[in-house]
Amino acid sequence: MAILTEDECKALLKKALSYSKADECEVSINGSNSANIRYARNSVSTSGSLSSTSMGISSAFGKKLGIVTLNEYTDEAISAAVKRSEELAQLAPENPEYMPMLGPQTYGPAAATFVPATAAITPAQRTTMVEQSLNIAKQNKLTAAGFLQNSAGFSAMMNSKGLFAYNTSTDINFSVTLRTADSQGSGYSTKGYNDVAKMDTTAFTKIAAQKASGAANARAIEPGKYTVILEPAAGIVLLEQLYGSLDARSADEGRSFLSKPGGKTRLGEKLVDERVNIYSDPSYPDLPTANWSGDGQPLKKMSWIEKGVVKNFNYSRFWAQKKGVQPIPYPSNFIMEGGTQTLDELIKGTEKGILITRLWYIRPVDPQTLLYTGLTRDGTFYIENGQIKFPIKNLRFNESPVIMLNNLDALGRTERTVSGESSQNAMIPPMRIREFTFSSLSDAV
Amino acid sequence: MKRKDFLYLTGMGISASMLSNFTAVGSPRVPGTVLRDVDVALKKRMADVALNAARSKGATYTDARIGRYLNQFVVTRDKNIENVVDTESYGMGIRVIANGCWGFAATDKLDNDSIARAAETAVAIAKENSRIQSEPVQLAPQKGYGEVSWKTPIEKNAFEVPMKEKTDLLLSVNDAAFKNGANYVNSILFFVNEQKYFASTDGSYIDQDIHRVWPVFGVTKIDDKSGKFETRSSLSAPRGMGYEYLMPRESDKIHGVTTLYRDRYDMHEDAAAAALQAAQKLKAKSVVPGKYDLVLDPSHLWLTIHESVGHPSELDRVLGYEANFAGTSFLTLDKWESKKFNFGSKNVNIVADKLQPGSLGAVGYDDEGVATKQWDIIKDGVLVNYQAIRDQAHIIGLKESQGCCYSQSWQDVQFQRMPNISLQPGKTPLSVAQMIKNVENGIYIIGDSSFSIDQQRYNFQFSGQLYYEIKNGKITGMLNDVAYQANTQEFWNSCAAVCDKSDYRLGGSFFDGKGQPMQSSAVSHGSSTALFKGVNVINTARKI
């Protein structure tokens, strides 16, 4: 399937709107081509490709809304779908929280979300990238399991009030776990980009190989509170629980870690260490995204935590209207500012501590304190006097990202990483944290 | 239905345009309409186009899955119906073996040219990847069944129930919670109908119609003065049933410290109890950490079974295919080969079952055309078997697959997924009340909540919905801030008793994640209430 151009999308969406008789009508279309290779035991296991498109039509009469979609774009098919959405709207119950559709919006400059070379990846190219990764595993007598996926897609929307938005994007994501032949050591590496040119599967697999070889014969240490260095792939899975929870409505309603007694919230209060700055920016060069949200609102640079203070909450259009404030859409990316030190420099500056490659199976324990549990995985090492001394067995933690960021000791340089839990990309620095709470030991390698 | 899409679709305050942007996975259709089935003869013709096209390009094996996946959500927030969403996803996935290597491609365009092109793409991918394939795929033999069909034995098709009946039910459920002191209530009805057609070059043409249902709610109670809040989620289980699951029967209720449910669920009654219990949780005493005897209700234990028995006995994990994502397993082949690996106490008998009526995993045939069955995983505490599919069967000396292959949609490749994995009831008559009478210092845990386990399934931590302190054989009050941690093998060896079959119930998950790209599957886990001695309990209270 071809990626539809802006003009092709406009023509198709205008045609759909021309059939509308509703008070308001909104039409969207999106599609993608994606493909992947999964490998394990030093060989390909599964691999596939998928191509699909879809059009969605929303028709509203007052606060009554009907929605249908289709993936056939003849005049007859589109016309019938518009009519069906109108019939449905007339049958639907009124939604008191329905918000009228937006009029024309002004979006900031489009970021470089689409890279032609990524869209043009061939099966042979994909296989070669995996082959390069497998070569590193075999050279080091390690066993590889990994995943490489690339996609190219487009998305557009238009409504009867004059709103139009369009975007194209590409992505390539890679992750690999290498294990020693005796299954006593395991190492991990993951990266994601818009541009295939940045995806060096050889280099990233070498990092995982180094960790795997160094992780064998791990020693057990007593659970307790330790200084830890969270590499970006480890830090992201806890930070995304924090920055993904900055929701105004749940805080106002008293059912959030950001709520205070009597209907008050922590908005404007210092929540974490003053070196913590978290923002979103669709035009951030290393993490470009669409400049509009799913409901057509413009996305722009937005500060969420500034110098440790909760600067903004995410406000849905309904909740913003109810509270008499401007809506703030959920962003398309997150960037946490870092420091100037490399990971090696952070390690050198650590008297005693634990280096953590990856955290796994993150689950909420208590929403009141944002307490989460999970485990270290695929490369956990003890640091003494600025040097990695020996690998250690994995540990279970019970920790809140709020407590963790109050125990911030040092920040490294921000880099793009991928969450092993949500698969989302974000810019995260390595972090050195004091008194990180481990509650038990794991025998898992 | 993918878990993230479910969470997205059922998110509170979802806007119309956000729904429109969801369409890459499932497309909303007109609520209340009953879709006509796709003609089975047409599906056979389309499947044959794929099989023939792949064969002509050099495939030595091909299967084609035509999937039509219907989902319906009714979502409420407090006193409002937030969303009524019907989604439909329809297309074909084609899997081939060429040059001894798997290839896969999917298309939502079901004309002959598009189907043939997808088949050719699958073959091309297989051939390209064969250069990094270490050894050819070895498929267990599978006879062709010809043209056969299977349907979930439902009494009432949820998609045919008028929408008003569903919205009225949920609004009355929320009202019951409010009348009993809740501050906020979210409730959802979620219905699934998978219309799946499978054809392969083995000579099978299998038409299946699968139904699932999941009613769920969350109740929140807030203490304004302290700013504390507590929640209690529904104690329902998702089931492989029709709308009849939501039509309560007294004979399916188990009355105790709270009412529990067998094969029919009283959502209204449970919501009223939940509101009262959320308020009780605000006043419950915080647990003193230490060793306790745990009495685990099936509404809780299903998840412990799922994580600590179901996943580690998946053969693909044992072999290393999930090493990069879900992890491997401590149940390595040497432990199975020894025929004496002590997984648990003699009370622990775990059965895999793809036939169990009312379960989420029940189907007639799996997604590579294998008729389903039942077998032992743990027998009298000893590991005796795994869960395998066609290309793994030879590794553990099986002559045929165990029928554990599944894909969440037509557009994802099928792979090994968990069958229903259940703890068998005790053979000696034993009620929950009798079990509690014999506990000196324990906690009775009902309902599931937080769950986490390491990548080889040794170390886990679980929480529940309700915790009742047991002192000298009696329930003395409610506890809070409870989580228990254990090593899987030690935990199952501490299993001192299992109640008899009169207490047996199913729990389950709609969204068990595994694989890359990650896929969800639905699976049930049954048990009777069970007693575990001397388990480590931690206190999860913190201050920020």
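Fair warning: this is a prediction, and the values are worked out from it, not measured in the lab. These values consider heavy atoms only, across backbone and side chains, with no hydrogens, waters or symmetry-generated copies.
Closest approach of B:R542 and A:I403 over heavy atoms only: CB-CD1, 4.4 Å. Nearest heavy-atom pair across A:G374 and B:S452 is CA-OG, 3.8 Å. Counting all heavy atoms, side chain and backbone alike, B:G320 lies closest to A:A145 at O-CB, 4.2 Å.
When heavy atoms are compared at a cutoff of 4.5 Å, A:S259 does not approach chain B at all. Of the atoms belonging to A:L371, it is side-chain heavy atoms, and not backbone ones, that fall under 4.5 Å from chain B. For chain B, the nearby parts of A:F147 are the backbone and the side chain; heavy atoms of each come within less than 4.5 Å. With a threshold of 4.5 angstrom between heavy atoms, A:Q149 approaches chain B through side-chain atoms but not through N, CA, C or O. With a 4.5 Å cut-off on non-hydrogen atoms, B:E307 touches chain A through its side chain but not through its backbone. Only the side chain of B:T121 comes within contact range of chain A, judged by heavy atoms closer than 4.5 Å. Using a 4.5 Å cut-off between heavy atoms, B:A323 contacts chain A through both its backbone and its side chain. Within the 4.5 angstrom heavy-atom criterion, atoms from both the backbone and the side chain of B:Q461 approach chain A. Of the atoms belonging to A:P364, it is backbone heavy atoms, and not side-chain ones, that fall under 4.5 Å from chain B. Heavy atoms closer than 4.5 Å to chain B are found in both the backbone and the side chain of A:R255. Residue A:V44 touches chain B through both its backbone and its side chain, counting heavy-atom pairs closer than 4.5 Å. The contact between A:N394 and chain B is made entirely by side chain atoms (from C-beta outward), counting heavy-atom distances below 4.5 Å. Only the side chain of B:R457 comes within contact range of chain A, judged by heavy atoms closer than 4.5 Å. Using a 4.5 Å cut-off between heavy atoms, A:L441 contacts chain B through its backbone alone, with no side-chain atom that close. Heavy atoms of B:E322 lying under 4.5 Å from chain A belong to its backbone as well as its side chain. The contact between B:I125 and chain A is made entirely by side chain atoms (from C-beta outward), counting heavy-atom distances below 4.5 Å. Proximity to chain A (any heavy atom under 4.5 Å) is shown, for B:I94, by neither the backbone nor the side chain. No part of B:K79 comes within reach of chain A, as not one of its non-hydrogen atoms sits under 4.5 angstrom from that chain. Residue contact with chain A, scored on non-hydrogen atoms closer than 4.5 Å, is absent for B:A122. Using a 4.5 Å cut-off between heavy atoms, A:N398 contacts chain B through both its backbone and its side chain. In this structure, no portion of A:Y372 lies under 4.5 Å from any heavy atom of chain B. For A:S186, no part lies under 4.5 angstrom from a heavy atom of chain B. Proximity to chain B (any heavy atom under 4.5 Å) is shown, for A:S439, by both the backbone and the side chain. Neither the backbone nor the side chain of A:E87 comes within less than 4.5 Å of any heavy atom of chain B. For B:N536, no part lies under 4.5 angstrom from a heavy atom of chain A. When heavy atoms are compared at a cutoff of 4.5 Å, B:T328 approaches chain A solely by way of its side chain, counted from C-beta outward.
Comparing A:V365, A:D443, A:L134 by heavy-atom pairs within less than 4.5 Å of chain B, the highest count is held by A:D443. Highest contact tally toward chain B, considering only A:P123, A:A40, A:G48, A:S49, is held by A:S49 [criterion: heavy-atom pairs under 4.5 Å]. Note on A:L271, A:V176, A:N406, A:D366: by heavy-atom pairs under 4.5 Å with chain B, the leading option is A:V176. Ranking A:L375, A:L102, A:T127 against chain B, the residue ahead of the rest is A:T127, based on heavy-atom pairs under 4.5 Å. Between chain B and the residues A:T143, A:N173, A:T177, the largest count of heavy-atom pairs under 4.5 Å involves A:T177. Ranked by heavy-atom pairs under 4.5 Å with chain B, the list A:P96, A:P93, A:G262, A:G153 is led by A:P96. Chain A forms more heavy-atom pairs under 4.5 Å with one residue of B:W102, B:F229, B:F104 than with any other, namely B:F229. Ranked by non-hydrogen atom pairs under 4.5 Å with chain A, the options B:F325, B:Y90, B:F460, B:F330 are led by B:F325.
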Worked verdict on A:Y39 versus B:I132 for side chain to side chain contact (heavy atoms under 4.5 Å, CB included)
CA-CA 9 Å; A:Y39 54 108; B:I132 54 170; 5.9 Å; no
If you apply the rule side chain to side chain contact (heavy atoms under 4.5 Å, CB included), what do you find for B:S463 with A:R363, and how did you get there?
CA-CA 11 Å; B:S463 300; A:R363 289 295 182 276; over 6 Å; no
Applying salt bridge (Lys or Arg N to Asp or Glu O under 4.0 Å), run through A:E253 and B:R77 and close with a yes or a no.
CA-CA 13 Å; A:E253 289 179 341; B:R77 181 186 186 113; 3.2 Å; yes
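Of the inter-residue distances, the one linking A:R179 atom CZ with B:N324 atom CG reads 11.0 Å to the nearest 0.5 angstrom. In this structure, the separation between CZ on A:R126 and CD on B:E128 is 9.0 Å, given to the nearest 0.5 Å. Interatomic distance, B:D412 CG to A:L50 CG, rounded to the nearest 0.5 Å: 8.0 Å. Here A:E97 contributes atom CD and B:D78 contributes atom CG; the two are 8.5 Å apart, rounded to the nearest 0.5 Å. One finds the OG1 atom of B:T231 at 10.0 Å from the CD atom of A:Q368 (value rounded to the nearest 0.5 Å). The line from CG of B:N129 to CD of A:E131 is 10.5 Å long, rounded to the nearest 0.5 Å.
More than 12 heavy atoms of other residues, nucleotides or ligands sit less than 6.0 Å from atom NZ of B:K109. Within 6.0 Å of NZ on A:K63 lie more than 12 heavy atoms contributed by other residues, nucleotides or ligands. The environment of A:K138 atom NZ is dense: over 12 non-hydrogen atoms of other residues, nucleotides or ligands sit within 6.0 angstrom.
No side-chain heavy atom of A:S51 sits under 4.5 Å from any side-chain heavy atom of B:T107. Side-chain atoms of A:N95 and B:I81, non-hydrogen and from C-beta on, never get closer than 4.5 Å to each other. Using a 4.5 Å heavy-atom cutoff, the side chains of A:V445 and B:Q456 are in contact. In this structure the side chain of A:N42 never reaches within 4.5 angstrom of the side chain of B:S134, judged on heavy atoms. No side-chain heavy atom of B:D454 sits under 4.5 Å from any side-chain heavy atom of A:Y361. In this structure, the side chains of B:Q516 and A:S175 come closer than 4.5 Å at one or more pairs of heavy atoms. Within the 4.5 Å cutoff, the side chain of B:D224 has no heavy atoms near those of the A:P261 side chain.
Here the side chain of A:R41 pairs no donor or acceptor atom with the backbone of B:Y321 at under 3.5 angstrom.
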